[in-house]
Amino acid sequence: MNNALDDEFERKPLMVSEKTQLRLKDVVSGKQTLAFQLKPKMVVLRVSMHCHGCARKVEKHISKLDGVTSYKVDLESKRVVVIGDIIPFEVLESVSKVKNAELWTS
């Protein structure tokens with residue numbers, strides 16, 4: 001970008017509230033990873049599990065996924081909850097490689 005355009009972006013705040021003003025340089029300055037920009041998400045899956053062996057296999061697979069901060073596998077309801085800096089579709093795709101899985105619909 002040219003300098004005049006850069007100056008224009010810096011003069012106009014991105015967000016204005018009574019207490020703070022957020023400017024573009026505040027968002028992009030410093031080293032920020034993609035994980036920093038993503039807020040933790042929760043993915044709920046229905047997974048075809050029939051026994052404790054199936055549940056352990058799913059647990060082992062989920063524990064190795066990047067960005068996962070916590071997870072819970074419920075064999076009785078066949079529900080798997082995954083929380084972290086994750087993309088829901090990628091979690092579904094990954095778990096589907098181990099067991100038949102679909103997004104949980106309420």
List in chain and number order the residues that pass side chain to side chain contact (heavy atoms under 4.5 Å, CB included) with L103, two or more places apart in sequence or in another chain; answer none if no residue qualifies.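 Once residues adjacent in sequence are excluded, the partners of L103 under the side chain to side chain contact (heavy atoms under 4.5 Å, CB included) criterion are V43, L45, L92.
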The criterion is side chain to side chain contact (heavy atoms under 4.5 Å, CB included); which residues satisfy it with K78, sequence neighbours excluded?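 K78: side chain to side chain contact (heavy atoms under 4.5 Å, CB included) contacts with H50.
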Should V82 and M42 count as side-chain neighbours, where that means a heavy-atom distance under 4.5 Å?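 SC-SC contact between V82 and M42 ruled out.
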Are the side chains of K41 and D85 in touch, meaning some heavy atoms are under 4.5 Å apart?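 No - every pair of side-chain heavy atoms lies 4.5 Å or more apart.
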Please set out all donor-acceptor pairs under 3.5 angstrom arising from side-chain atoms of residues 61-71, sequence neighbours excluded.
from, atom 1, to, atom 2, distance (Å)
H61, NE2, S94, O, 3.0
H61, NE2, S94, OG, 2.6
S63, OG, E59, O, 3.4
S63, OG, K60, O, 2.7
T69, OG1, I83, O, 2.9

Under the criterion side-chain contact (heavy atoms from CB on, under 4.5 Å), I'd like the reasoning laid out for V80 against K72: C-alpha separation, chi angles, the key distance, then a yes or no. CA-CA 6 Å; V80 175; K72 181 179 179 187; over 6 Å; no
Nearest non-hydrogen partners of [X] and [Y], listed with the distance:
| X | Y | answer |
| --- | --- | --- |
| V73 | A55 | CG1-CB, 4.0 Å |
| M49 | D74 | CE-O, 3.8 Å |
| A101 | V95 | CB-CG1, 3.9 Å |

A quick test of your reading: do over 12 heavy atoms of other residues, nucleotides or ligands sit less than 6.0 Å from NZ of K57?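 Result for NZ/K57: open.
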